[in-house]
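Notes for the one structure printed next.
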Amino acid sequence: MFHGAKGPLLIERIGHLLSINYGEKEERKRWAMQGISYLQEVQCTSTPYLEILVEESGLRPVSLLNSQLVGKPHFSLLGGFDENIARDIISHNFQNAIFQMESEEVPLTKRYQHLEKITQISLLCKNFKGIEEIEYNVKNIIQGRKNFDMLNSMEKDRISHEVVQDDSFSLLRIQMLLCVSYFLQERYFDCCTKFFTMMTSEPLTLKVLSEHLDCMNFISKEEFIMMVNISVLISIPLDNYDDFIYLSDLKQFFQMTPLLVNCLELLINTNFNKFFKIWHGEINKICMESLFLEPSWSSSAAVIMRCKIYFFYLRISKKLQFSYLSSTLGIDLEDIKEELTKLIISGQLNFEIDGDVIHFEDSSILQSIVNEISRNGTMINEVIDKLKNENTDLKDIIQGNPLMYSGGNNTATIINNESSDDMDIDEVNDRSDISDSEGGLFEC
Amino acid sequence: MSDEDNNYDDFMLSDDEGMESIEMEEETDDEDKQNIEINEDNSQDDQDRGAARHKQHEQGTFEKHDRVEDICERIFEQGQALKEDERYKEARDLFLKIYYKEEFSSDESIERLMTWKFKSLIEILRLRALQLYFQKNGAQDLVLQILEDTATMSVFLQRIDFQIDGNIFELLSDTFEVLAPKWERVFLFDIEKVDRENMICKIDFQKNFMDQFQWILRKPGKDCKLQNLQRIIRKKIFIAVVWYQRLTMGNVFTPEISSQIEILVKDNECSSFEENNDLESVSMLLQYYILEYMNTARINNRRLFKKCIDFFEMLISKSLTFSQESGLMVILYTSKIVFILDSDSENDLSFALMRYYDRKEELKNMFLYILKHLEEMGKLRERDITSLFHKFILSGFIFTSMILEAISTDKINPFGFEQVKIALGSPIVNVLEDVYRCFAQLELRQLNASISLIPELSVVLSGIIQDIYYLAQTLKLWRKIARLYSCISISDIISMLQISDDNEMTRDDLLTILMRSIMKNRSVVYFKLDLTSDLVYFGDENKVMLPRCSKEEFRLMISPKDEETTEKARLIDFEYVNDVAIYNNPTRIRTKSSKEFFNTLRKSRETVKLPRVSNQSNEDTFLPSYMKFSNKYLELCKLASNNLE
């Protein structure tokens, strides 16, 4: 369960499980007791998890206080950290811990192991900007080492082989921690891409992953592989799984993780139901139990994979039912409704939801604008109709006037009539043309 | 009566053997007398009396001591020369002279004499092997004679109890291997055309031959050479039992054999697989597995099967002689084919990582290799193929060719191959031609009817046959139905794609074909489904864009609070959009390099260009940047409406 965690990481792992309400009551009590016992041994009770530890363990605060030990804690309890730094980590005074680590004088033969520890602390406090700096530095270190190897082969002989190998292993582990950082940021494509770049450019990558990662007592090999697996499944498009699985330079990694190959095969063959049984079963269990996997898994990973499949169905469907998806995929109906509705709204997808039915609504990018313009057109047409009516009334009035003048001077009257008629006709014609033009534009 | 007859023959043979022994003894006596006379003559030729007398004394002592060994060596060499000249009878007579030499009292000379006798008997067995190899007719008599000689060897070995120096165990091992019948040109899994009577004679010989040496199996000893000899004897007896049962009862899957067959091959962690096993044992076990598959379409011990294949292939590749043996090549390729066919029903990781069509190509090539080797062996001469194995290989070749041809631009008629032409006119080939034509014309029901004419192959080739049906349905869907209909019901498509009344296509089956085709970018015509009315709409007019907003404007969160939160939300939204592939234009990435693969994906993720939609009139003019102004247009329209109101 705790993947061999020692030192401050043990508290983090226990605290994580208790915080997300994982496990049965008796299990949780046992974990809490284990955590409290550890805190007593290292004489530090200022962890943010103290309250939940006490609550779950059933211990009374008085008992806790009375059990304080005297003397220095055994170094094996500190997870490889200095005593004060270990306490800072437990207390989540991460900045102080990093400051102390960076202030230490470190022998050259231990500098990369030291940087490894700093990276671990940065991950725990989610200091992603700090990790970006570490990534930048590691790139320079690696480049420098390559230059060093080329230019100073004589001097290289003086350095012991073990130190060189230890350094290589540390640098590779740091790069793996960088992958973990991407995963924690939910940048799944960057996570797996970075790992596969490592794998193809650093021959020792899989060896370190197989044999030298667990001894870090930080993230386990199982957790790391699962991290890569999830990142692959999420970030590689459905249509490219069948290309990815045949990449020849990744074959060794595939041999290490049959689970990934199995999932890819199921997805390639559109066996979504079977895939989700694994995704929501085996994979979900491993993720929920992991301090490093659970946050991203619960936040986005689990749901993104489902949305990928939902979107695939939207892609190939004019009309489908939530209930059909639920039974076909083996996912709860209410969950599908919520997640798929959100997907459609967020992406402003061309689909309408009508009860249990989702149907494609064929509209263009400018649909919303077109709707508004159409409404405007209606209003303008109404205005034009109104003007036409007024013009008609005015015309009738003008035609009524010559009758009054016809009683007077005949010649003058005749001339006036003609003039009036001409003017009326012209005006009416002009306005009619305008009206027709406007109407045609909008009514078409 | 049969047993009584055998006993009578044995009695008669025994009498003959006795008579021959007597005759040989007489000859030996004569030979000795002649030798003595020769020596006396030599002695008389010496003229110097005094020196002659002293020299004669010394010479006599020396010659008497060396006489036996020298004589044996000379006779042995003469025998070998005669053997080289293929004058086997004279050679054997000479070797027997050595064997029947009288034994003297001196321990030292006795041991050397016994060594010569052993070597002579070995040579007799080896020349018998040569006789057997070149014997065309009347092998029965020869076999009986050989069994006399092997019995002589057995008696001799029991008498001396291996108490002589030298590589006696190795010589026996080599001799047994040389003398035992050869099986390279017959297969356990293909006995329809076998000369049964001749085979049983060979089997009887091998069993009787090895039975004479069964007593060696009870001899204790840690000498690895002795253990090797014992293993050979055990192996030979067991192989004879397997073959006998195969030819007389047909079935070798009996408790007696099944419980022991895998003992042929030693597979333990203590030492290397290569050090413990030989070609013949592995060959027999592979043939057994192939037969198992031909009968049940299953391999129970895949792990050991794979190990044997790898070992067998390694041995063959190391030896030019072996790689020229068509029989061995047939066993190797058939084993590999069987392993692949059996694995289709397993979750075998290594197969998941091989492209489907690459695997079919590999299968097709191996089927063809086997046909060629069978041709070389003269096994493809009959015009009426009755062998299930031949039908299996021929059908496998045709079927895999069909599958590969369906997706290839190269159209190579598999019936044009010489190895297939030989069998033209055979009923099986007529059926295969029908299958081929029905597949090419996508006549599904006829295809099924044709394949049903060869039910004996439906089990061993079931995986490939199912692939053919699936492929035929897929091709018919895309090449015929999809191009004719713009809208059609799922049930109508199903009825058109039905293979047979016994094998109903379900709605899910059709949906699977449709979805896999679009997933693998193999749908020739774009389509949309109405899953509430069970309709399929075919045509590129259904290729429409789903999202209304640009990739940059996609928002999962509704209310961003501050600058930093907004920026982070934007990043997460962008990742989400790319992961769900909302704006992705589906396209295959054909590469073996992961670097190239991921670079292509990264470019696709980073681009904000909208996917191409063919039915949009302003397709070429509309740019993503215009999306930025869509809100402006909307604002203008709203302003206008406000003013109008």
Side-chain angles (χ1 to χ4, degrees), chain A residues 186-189 193 196-197 200 234-240 242-251 254-255 258 261-262 265 268-270 300 304 307-308 311 314-321 324 346-350 357 360 362-369 372-373 375-376 379-380 383, chain B residues 347 349 352-355 512 514-516 518-521 527-533 535 537 542 544-549 554-556 572 575-582 584 586-595 597-598 601-602 605 616 622 627 630 633-634 637-638 640-641 644-645:
Chain A
E186 301 171 17
R187 293 167 60 180
Y188 304 110
F189 183 74
T193 300
F196 292 128
T197 301
T200 54
I234 287 178
S235 65
I236 294 179
L238 287 178
D239 311 78
N240 296 123
D242 204 26
D243 304 318
F244 173 75
I245 201 173
Y246 300 122
L247 295 174
S248 50
D249 49 0
L250 304 186
K251 206 173 280 286
F254 292 143
Q255 303 281 356
V261 177
N262 189 26
E265 278 205 301
I268 289 168
N269 291 319
T270 67
S300 68
I304 288 179
C307 287
K308 285 182 76 163
F311 189 75
L314 292 183
R315 234 170 82 197
I316 64 173
S317 300
K318 269 182 181 289
K319 199 181 286 186
L320 78 162
Q321 291 163 309
Y324 169 80
S346 299
Q348 299 183 42
L349 304 183
N350 286 324
V357 175
F360 178 78
D362 196 349
S363 62
S364 70
I365 295 173
L366 300 175
Q367 185 60 42
S368 58
I369 301 173
E372 194 66 25
I373 292 177
R375 200 166 76 86
N376 289 357
M379 296 178 65
I380 290 173
V383 171
Chain B
N347 290 322
L349 186 65
L353 301 177
M354 187 184 212
R355 288 185 184 278
T512 298
L514 287 164
M515 290 194 294
R516 287 183 189 180
I518 197 169
M519 180 85 82
K520 296 169 186 282
N521 204 29
F527 72 90
K528 286 279 192 178
L529 300 171
D530 181 336
L531 291 168
T532 61
S533 307
L535 296 172
Y537 297 86
N542 295 294
V544 293
M545 183 163 48
L546 299 185
R548 291 192 210 124
C549 63
F554 183 91
R555 288 292 173 270
L556 273 176
I572 292 180
E575 291 290 318
Y576 177 93
V577 161
N578 282 319
D579 290 338
V580 177
I582 291 176
N584 212 37
T587 181
R588 301 300 297 267
I589 305 176
R590 308 284 185 180
T591 180
K592 289 283 187 181
S593 158
S594 62
K595 184 175 182 180
F597 178 87
F598 284 110
L601 274 188
R602 184 175 291 282
R605 288 173 73 97
Q616 209 172 19
F622 190 86
M627 291 294 296
S630 62
Y633 291 136
L634 198 58
C637 292
K638 288 179 178 176
S641 64
L644 288 170
E645 287 167 358

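The chains referred to below are lettered A, B, ... by the order of the sequence lines, with proteins before strands, and numbering in each begins at 1.
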**OP:** Measure the acute angle between the ring planes of A:Phe244 and A:Phe254, then classify it against the limits of 30° and 60° as parallel, tilted or perpendicular.
**Re:**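 The arrangement is perpendicular - the two ring planes meet at more than 60°.
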
Please look at [X] and chain B and tell me whether the side chain, the backbone, both or neither of the residue comes under 4.5 angstrom of a heavy atom of that chain.
X: A:Ser248; value: both
X: A:Ile245; value: both
X: A:Tyr324; value: side chain
X: A:Ser317; value: both

Do any N or O atoms from the side chain of [X] and from the backbone of [Y] form a donor-acceptor pair under 3.5 angstrom?
X: B:Lys528; Y: A:Arg315; answer: yes
X: A:Asp242; Y: A:Ile268; answer: no
X: A:Asn269; Y: A:Glu265; answer: yes
X: A:Lys319; Y: A:Val357; answer: no

Original post:
Non-hydrogen atoms of chain A under 4.5 Å away: do they reach the side chain of B:Phe598, the backbone, both or neither?
Top reply: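 Both backbone and side chain.
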
Subject >> side chain to side chain contact (heavy atoms under 4.5 Å, CB included) between B:Arg605 and A:Ser235, worked out >> reply: CA-CA 10 Å; B:Arg605 288 173 73 97; A:Ser235 65; 3.8 Å; yes

Subject >> Largest heavy-atom contact set with chain A, pairs under 4.5 Å, which of B:Val580, B:Thr512, B:Thr591 >> reply: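 Option with the greatest count: B:Val580.
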
Original post:
Can you tell which of B:Leu514, B:Ile589, B:Val577 has the highest number of heavy-atom pairs within less than 4.5 Å of chain A?
Top reply: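 Heavy-atom pairs under 4.5 Å are most numerous for B:Ile589.
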
